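Source: prediction; values computed, not measured. Below, chains carry the letters A, B, ... as their sequence lines are ordered, and counting in each starts from 1.
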Protein chains: 2
Amino acid sequence: MSEKIPRKPSAARQRQESRILRAAEQVFALKGFNGTTMDAVAQVAGISKQNIIYYFPSKDALYRRVLEDVLDLWVEKMTFDASPQAVPTTVIENYIRGKLELSRDYPNSSKVFANEIINGAPILKEYLVSHLKPQFEHDTALIRRWIEEGLIKPVDPEHLFFFIWASTQTYADFSSQIQLLLGKERLEQDDFDRATQFLTTMVNSSLTSDPA
Amino acid sequence: MSEKIPRKPSAARQRQESRILRAAEQVFALKGFNGTTMDAVAQVAGISKQNIIYYFPSKDALYRRVLEDVLDLWVEKMTFDASPQAVPTTVIENYIRGKLELSRDYPNSSKVFANEIINGAPILKEYLVSHLKPQFEHDTALIRRWIEEGLIKPVDPEHLFFFIWASTQTYADFSSQIQLLLGKERLEQDDFDRATQFLTTMVNSSLTSDPA
DNA sequence: GTCTATAGTAGGATAGAC
DNA sequence: GTCTATCCTACTATAGAC
């Protein structure tokens with residue numbers, strides 16, 4: 001009777017799970033959901049396919065856990081909200097900087113997300129409506145307030161965010177294209193510095209009256 | 001001996017092929033290469049699976065043809081080159097406008113391309129290096145010349161293009177997310193007008209000295 | 001040129017020994 | 001908790017009738 005009570009998740013189990021999740025994220029990022037085989041994940045993780053199924057009941061369950069972890073990471077690292085006395089352009093600059101750091105440090109997370117959205121967000125749809133949309137409306141409202149208060153020049157708040165997301169995530173999602181065009185084996189810190197410089201400068205010059 | 005000589009590709013055959021290609025593009029866009037089954041393509045095209053194989057020897061061959069057609073379309077519609085006396089900001093504006101029109105009119109092409117790039121461009125790699133890279137270097141050189149001549153403010157030419165591509169293609173590739181956030185069933189002309197307005201205004205204000 | 005039938009295989013998932 | 005063996009479905013592709 002008492003045997004079924006789950007004991008502590010055992011450090012060993014947690015180690016194995018995160019090992020599998022890391023491998024899965026990598027394969028899902030590069031191959032998409034359908035292109036990913038449990039065998040491929042097993043090989044990357046250095047574990048047998050059957051053993052993976054012991055930890056995750058199905059490929060679908062594994063994929064959902066990977067997606068969850070991606071979103072947890074993003075929510076943790078990316079809150080736009082600012083203190084009332086914060087300078088708008090600084091808030092936006094930091095937001096862009098943070099998004100670019102995510103693309104640099106977690107490119108696979110970004111690609112998993114991108115694959116899911118391109119494929120119509122079959123699983124994330126619900127989450128996007130329940131969590132991301134309220135956040136989005138809150139953030140665009142803040143932009144609108146800044147405009148009303150004359151702190152920044154008038155701008156379309158919704159498309160401002162679409163622009164920031166697209167042009168920061170591209171350094172993760174489309175890195176293969178960018179690398180080829182820049183003639184590099186992989187993107188370096190200098191490339192991210194240039195991207196940060198370019199994007200923040202452009203946004204600043206369009207949100208503030210030119211002090212030149 | 002003479003029977004094997006290919007006669008004209010027969011209008012009927014061409015009709016069937018383009019019917020299949022249209023269907024294939026749609027499924028590849030939404031499901032990716034691995035998520036696409038010949039059966040799904042067959043259903044969308046309204047043709048039997050075996051008949052599709054009659055026209056295209058394999059799924060791989062079908063995919064390559066779809067990719068080829070996508071690239072042909074993009075090359076045809078998107079040359080950045082301008083006459084020597086053209087106004088730089090106008091050239092860039094028209095380029096942005098054109099890219100947004102492609103996202104609006106051929107969202108599936110864009111998604112097929114995006115899937116391929118995210119997955120590391122296994123098939124397109126060669127083409128990107130041989131065709132897109134020279135074009136890219138030509139275009140960035142033109143931007144540099146404009147800067148030297150004082151026609152536009154200094155800007156990073158490479159990242160200018162990365163930004164334009166990312167923030168115009170996002171309206172095709174990430175349309176499901178954008179739709180959800182805007183609370184719309186599908187993107188309308190008005191949304192593309194706003195996007196055009198937003199992006200061209202921002203670029204202009206950062207490339208020209210504010211005349212305000 | 002289009003169909004039916006089917007071969008061949010990959011991959012997700014289960015059962016059960018250890 | 002990990003492994004071996006195996007089932008079963010889904011999918012690409014071929015052979016051959018019509």
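Contacts of B/Tyr55 with the nucleic acid, taken as non-hydrogen atoms under 4.0 Å apart, involve only primed sugar atoms and P, OP1 or OP2.
Of the candidates A/Phe113, A/Phe80, A/Tyr106, A/Tyr127, A/Trp74 forms a ring pair (Phe, Tyr, Trp, His ring centres under 6.0 Å) with just one, namely A/Phe113.
Residues A/Gln189 and A/Asp193 bring a donor and an acceptor atom of their side chains to less than 3.5 Å of each other. For the residue pair A/Glu93 and A/Asn204, a side-chain donor N or O sits within less than 3.5 Å of a side-chain acceptor on the partner.
B/Glu116 places a side-chain heavy atom less than 4.5 Å from the side chain of B/Pro122.
Taking the six-membered ring for Trp and thresholds of 30 and 60 degrees, B/Phe198 and A/Phe163 have ring planes inclined between 30 and 60 degrees apart. A tilted orientation is assigned to the rings of A/Trp165 and A/Phe136, their planes being inclined by 30° to 60°.
Whole-Å rounding puts the B/Asn51 CG to D/dA13 P distance at 15 Å. Spacing between atom CE of B/Met38 and atom P of D/dT14 amounts to 10 Å, rounded to whole angstrom units. One atom, CD1 of B/Ile53, and another, P of D/dA15, lie 12 Å apart when rounded to the nearest Å.
Protein chain B contacts DNA chain C from C/dG1 to C/dA5, reading 5' to 3' and using non-hydrogen atoms of the protein with a distance under 4.0 Å.
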